[in-house]
Amino acid sequence: MLDVSSPPVKKTSSGIVYAGPCVFHGFLIGTDGVNDVTVTFYDNASAASGEEIVPTNTYDATAKALNGATGMKVRCKNGIYLELACAGTAEVVPQFAAL
């Protein structure tokens, strides 16, 4: 498997991160500092369905550092879909390598 991530893609809403086989390495989240953000990542390239690769979790907007998780090496057969919910502004940068 590849250890190098593809170029960063900043997402500010739900949608396809990558369509096709890849390795998911993790993600970073930035918020407006006021509104918590909820994310779920799926092994899917078309909609919020399929196998969850990161289960639904809510991240605290008042944390004094970036939220997220890195260091994963999850093989995704179908791609990566991000489901993102936030009452304010949030940015998610998924880390992955295309196969």
Side-chain angles (χ1 to χ4, degrees):
M1 281 193 230
L2 298 173
D3 285 326
V4 178
S5 289
S6 297
V9 177
K10 180 173 69 173
K11 303 294 281 181
T12 57
S13 62
S14 296
I16 298 168
V17 173
Y18 183 76
C22 60
V23 177
F24 182 73
H25 293 285
F27 59 99
L28 299 173
I29 298 175
T31 72
D32 57 14
V34 177
N35 298 285
D36 294 347
V37 60
T38 301
V39 300
T40 310
F41 283 93
Y42 297 91
D43 180 355
N44 204 337
S46 61
S49 61
E51 190 70 31
E52 289 184 359
I53 53 177
V54 175
T56 303
N57 199 3
T58 300
Y59 295 88
D60 184 359
T62 62
K64 298 295 184 191
L66 284 172
N67 282 306
T70 60
M72 300 177 207
K73 291 186 180 181
V74 180
R75 185 179 204 119
C76 298
K77 296 178 192 175
N78 303 307
I80 302 169
Y81 185 91
L82 167 66
E83 187 172 88
L84 170 65
C86 184
T89 304
E91 299 175 341
V92 179
V93 179
Q95 300 167 340
F96 67 94
L99 294 179

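No experiment lies behind these values; they were computed from the predicted model shown.
T70 and Q95 make their closest contact through CG2-OE1, 3.2 Å (heavy atoms, listed as atom of the first residue, atom of the second, distance). Looking at every heavy atom in both residues, L84 comes nearest to S13 through CD2-N, 3.4 Å. When every heavy atom of V37 is checked against every heavy atom of A90, the shortest pair comes out as CG2-CB, 3.7 Å.
The shortest side-chain heavy-atom distance between L99 and V23 falls under the 4.5 Å cut-off. In this structure, the side chains of I53 and C76 come closer than 4.5 Å at one or more pairs of heavy atoms. Looking only at side-chain heavy atoms (C-beta outward), T31 and I29 come within less than 4.5 Å of each other. Using a 4.5 Å heavy-atom threshold, the side chains of Y81 and S46 count as separate. T89 is not listed as a side-chain neighbour of T12, based on a closest heavy-atom distance of 4.5 Å or more. Looking at L28 and V92, their side chains never come closer than 4.5 Å, going by heavy atoms from C-beta outward.
In this structure, F96 has its ring center at least 6.0 angstrom away from the ring center of F24.
Judged purely by atom type and a 3.5 angstrom limit, N67 uses its side chain to pair as donor or acceptor with the backbone of D60. Of the possible donor and acceptor atoms, none in the side chain of K11 sits under 3.5 Å from a partner among the backbone N and O of E83.
Between D36 and T58, the side chains place no donor N or O within less than 3.5 Å of an acceptor N or O (distance only, hydrogens not considered).
In this pair, Y59 and F27 present their aromatic rings perpendicular. The plane angle is above 60°, beyond the 30 to 60° band.
Hydrophobic cluster membership is shared by I80 and V74, with clusters built from Ile, Leu, Val, Met, Phe, Trp and Tyr side chains linked at under 4.5 angstrom.
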